[in-house]
Every structure is written in structure tokens, then in C-alpha cells.
There are 2 protein chains.
Amino acid sequence: MHKESEILERYIKSKDLRHTPQREKILNIFLSTEKHLSADELHKLVKKRDSDIGYTTVYRAIKLFSKCGLLSEVDFGDGIMRFEHKYGHGHHDHLVCTKCGKFIEVIKPRIEKLQESLAKEHGFKPTRHKLQIFGTCRRCSMKK
Amino acid sequence: MHKESEILERYIKSKDLRHTPQREKILNIFLSTEKHLSADELHKLVKKRDSDIGYTTVYRAIKLFSKCGLLSEVDFGDGIMRFEHKYGHGHHDHLVCTKCGKFIEVIKPRIEKLQESLAKEHGFKPTRHKLQIFGTCRRCSMKK
DNA sequence: TATCTATTGAAAATGATTTTCAATATTACC
DNA sequence: GGTAATATTGAAAATCATTTTCAATAGATA
Ligand SMILES: [Mn+2]
Ligand SMILES: [Mn+2]
Ligand SMILES: [Zn+2]
Ligand SMILES: [Zn+2]
């Protein structure tokens with residue numbers, strides 16, 4: 001059993017929730033890819049393995065995984081929430097290609113530091129930030 | 001007549017659109033505040049001066065102002081689009097207080113430069129970016 | 001003024017996400 | 001293993017910001 005399942009189980013026990021096969025399957029499928037899936041995409045994958053799991057259950061599982069720190073929401077501003085692994089994945093920013101939709105995960109410590117000092121300069125206590133750079137990826141730049 | 005009205009008029013003429021009193025009023029009210037209003041907030045202000053202007057017309061005016069470079073959309077991730085002046089306002093980022101909703105407009109040239117080089121390192125051609133730092137503003141930090 | 005067609009406002013539609021609710025499954029306890 | 005208490009499920013309905021539809025109206029041009 002992987003660490004993530006343990007974390008979920010611990011959370012479930014601590015909050016008087018219940019272990020269900022639906023949650024187990026949804027978690028495994030979520031963990032099986034590093035893609036940033038939408039609820040709809042995750043539901044489609046889930047249905048391949050178990051056609052009886054409903055849309056709503058997937059949405060509810062996402063909220064649950066978010067609460068126990070396994071998942072975080074990523075908003076690329078197109079009206080669709082996407083989800084990424086949180087456990088074992090440090091903070092990072094995204095370069096988002098507006099041609100093909102692909103994205104690159106990046107981290108630039110000097111930018112992070114400058115953000116800290118920028119906030120401090122304004123008497124602002126930062127808790128989180130969102131940096132997204134939109135543009136054209138290498139591959140899309142080539143295909144004239 | 002301010003410069004913004006001229007820009008709108010020029011755009012309207014160039015695209016075979018029509019000047020209307022609704023558009024004129026909505027533009028003036030949009031320009032009268034530096035707040036980042038939502039469509040609903042803008043509509044409420046508009047109705048104070050002219051109660052016959054509909055919701056839909058405000059939405060349509062927003063799209064129009066956006067097309068002629070007078071307005072840009074700001075998405076703080078709460079499901080509501082807000083709008084800010086674009087003409088005469090350079091690019092900037094936002095510090096957003098999650099307690100009171102206020103925000104501070106900031107620009108840090110060194111961060112901008114580092115973003116450029118970050119993109120370049122990944123063969124990525126940036127067109128725009130979004131940097132938002134969420135946290136607690138000075139005033140909200142004080143009120144224990 | 002006449003004509004063409006862009007604009008308007010109300011109402012309906014959209015689409016992602018959330019809520020409701022009756023049926024079912026899980027857990028703790030006997 | 002039963003049994004009761006209650007969390008979970010899935011389908012359908014609701015939500016809510018925004019967009020579309022459509023018939024009536026108004027702006028531009030000649
Ligand atoms: Mn990511
Ligand atoms: Mn701003
Ligand atoms: Zn690309
Ligand atoms: Zn504040």
C-alpha cells in the first residue's frame with residue numbers, strides 16, 4: 001500500500017468517514033498519471049475501470065483528497081479546474097502553451113525570494129502565490 | 001472628450017459598429033473608478049445613473065472595451081471576473097488579501113526579467129503572465 | 001425620410017460544479 | 001454473524017456567472 005492511501009485512510013479514520021471502493025479506485029487512478037486532469041477527464045478514466053462510479057462521486061473524492069493534502073487544484077483560467085499531485089511534490093509554477101495546452105512545471109528560487117521581499121515591502125504576509133507564464137512551447141514554435 | 005472615448009469611437013467606426021448612449025455611459029462609469037469591478041458591480045453602478053440599461057448590455061460593452069484595448073480582465077480565482085483599466089496602465093501584478101479582498105498593484109522589474117529568462121531556458125516564448133500573491137494585508141494583520 | 005443592419009433587453013441556454021434525496025454500504029457494537 | 005447508526009452513493013435538480021437567442025428598436029447613411 002502506497003503512502004498516499006495510508007494518508008487517506010488516516011484522514012478517514014480521524015474524521016469518522018468511511019473507506020469505500022470508489023474512493024480507493026479514484027485515488028489509484030488519480031495517482032497513476034502526472035497529467036493535470038480535470039474532473040471530467042478523471043471521471044472518464046475511472047469509468048474505464050468501473051463504469052458504475054458516478055460523476056458526483058469523483059467530484060466529492062477530489063474535495064476529499066484536497067482536504068487531506070494529496071491533491072491541489074490548478075486553475076489555468078479557462079474555466080476548468082485541473083488537479084495535480086500534492087503529496088511529495090513541492091511548490092512549482094507553470095509555463096502554459098496556449099497553442100497545444102501542454103505545460104512545463106518550473107521553479108526558480110530567485111523569483112520565489114523576490115516575491116517574498118516584494119510582499120514584505122508592502123507589509124503583506126503571503127500564504128501562497130500563483131505564477132503562470134502563457135506563451136508558445138518549443139514544439140509549437142517550430143511548426144511555423 | 002477623453003482619450004478613451006476617442007479610442008472607442010475609432011474602433012466603432014473602423015468595424016462598422018454603432019455609437020450608442022449605453023456604451024458611452026458604461027464606459028464613463030467604468031473609467032470613473034480605479035476599483036476592479038465585476039460585471040455585476042459595474043451593472044449596479046450603471047443602473048444608478050440609467051436604470052434602463054440591461055445586464056447583457058454591460059457584459060457586451062465589457063467585451064467591446066476589451067477588444068479595443070481599454071479594459072483587461074483580472075481573474076483572482078474566485079469564479080468572478082473583474083475588470084481593470086488597460087489604457088495608460090502598464091502591466092502589473094497583484095497582492096490579494098484573502099481576509100478583506102483588497103489588493104495592491106505591484107511591479108518588480110527584476111521578477112519580470114527573471115520570468116523572461118526562465119521561459120527562455122525552456123525554449124518557451126512568453127506572451128503574457130499572471131502573478132498573484134495571496135495573503136494578509138497590513139491592516140488585516142493588525143486586527144489580531 | 002427610407003433603408004439597412006447593429007444594438008438592445010428579457011428570457012432562455014450554457015457548462016462546470018454543487019446540492020438534494022432516497023437507496024445502499026460501511027462501521028461499531030452485540 | 002446480526003443490527004443499528006450514519007456516511008456514501010448516483011441520478012437528477014439546482015446553482016451561478018456568463019453567453020446566446022430573438023423580436024423590437026435605434027443609429028448611420030444616402
Ligand atoms: Mn503542476
Ligand atoms: Mn490591477
Ligand atoms: Zn505547445
Ligand atoms: Zn486585508
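Reckoned from all heavy atoms, side chains included, excluding hydrogens, waters and symmetry mates. Bear in mind the structure is a predicted one, so any value in this text is a computation, not a measurement. We name chains A, B, ... by the order of the sequence lines, and we start the count at 1 in each one.
With 3.5 Å as the limit, one finds no donor-acceptor pair spanning the side chains of His85(B) and Glu4(B). Using modelled atom types and a 3.5 Å distance limit, the side chains of Tyr87(B) and Lys3(B) yield a donor-acceptor pair.
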| request: Any chance you could list the contact pattern along nucleotides 13-18 of chain D? Use B for base contacts, S for sugar-phosphate-only contacts and - for none, protein heavy atoms under 4.0 Å, 5' to 3'. | output: ----SB

| message | For nucleotides 25-30 of chain D, give me one character per nucleotide, 5' to 3': B if any protein heavy atom sits under 4.0 Å from the base, S if the only such contacts are to the sugar-phosphate, - if neither. | response | -BBS--

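By the 4.5 Å heavy-atom criterion applied to side chains, Lys130(B) and Val74(B) are not counted as neighbours.
Listed by residue number, the members of residues 69-77 of chain B with any heavy atom below 4.0 angstrom from DNA chain C form an empty set. Within a heavy-atom distance below 4.0 Å of DNA chain C, the residues of residues 22-31 of chain B found are Gln22(B), Arg23(B). Within residues 42-54 of chain B, the residues having any heavy atom closer than 4.0 Å to DNA chain C are, in order of number, Asp52(B), Ile53(B), Gly54(B).
Remark: Glu121(A) engages Lys108(B) in a salt bridge, criterion side-chain N to carboxylate O under 4.0 Å. Classification of Glu6(B) and Arg10(B) as a salt-bridged pair holds, one side-chain N sitting under 4.0 Å from a carboxylate O. A salt bridge links Lys63(A) to Glu73(A): at least one charged side-chain nitrogen sits closer than 4.0 Å to a carboxylate oxygen. A salt bridge is absent between Lys13(B) and Glu9(B); no separation between the charged side-chain nitrogens and carboxylate oxygens falls under 4.0 Å.
For the atom pair Phe124(B) CZ and Ile133(A) CD1, the distance stands at 7.5 Å (nearest 0.5 Å). With values rounded to the nearest 0.5 angstrom, Leu131(B) atom CG is found 8.0 Å from Leu95(B) atom CG.
Applying the side chain to side chain contact (heavy atoms under 4.5 Å, CB included) test to Glu105(A) and every residue at least two apart in sequence or in another chain returns His36(A), Glu84(A), His92(A), His94(A), Phe103(A).
For Ile53(A) against Lys25(A), the heavy-atom pair with the smallest separation is CD1-CD, 4.1 Å.
The backbone N or O of Phe65(A) sits nowhere less than 3.5 Å from a side-chain atom of Arg23(A) that would complete a donor-acceptor pair. At distances below 3.5 Å, at least one donor-acceptor pair connects side-chain atoms of Thr98(A) with backbone N or O atoms of Gly135(A).
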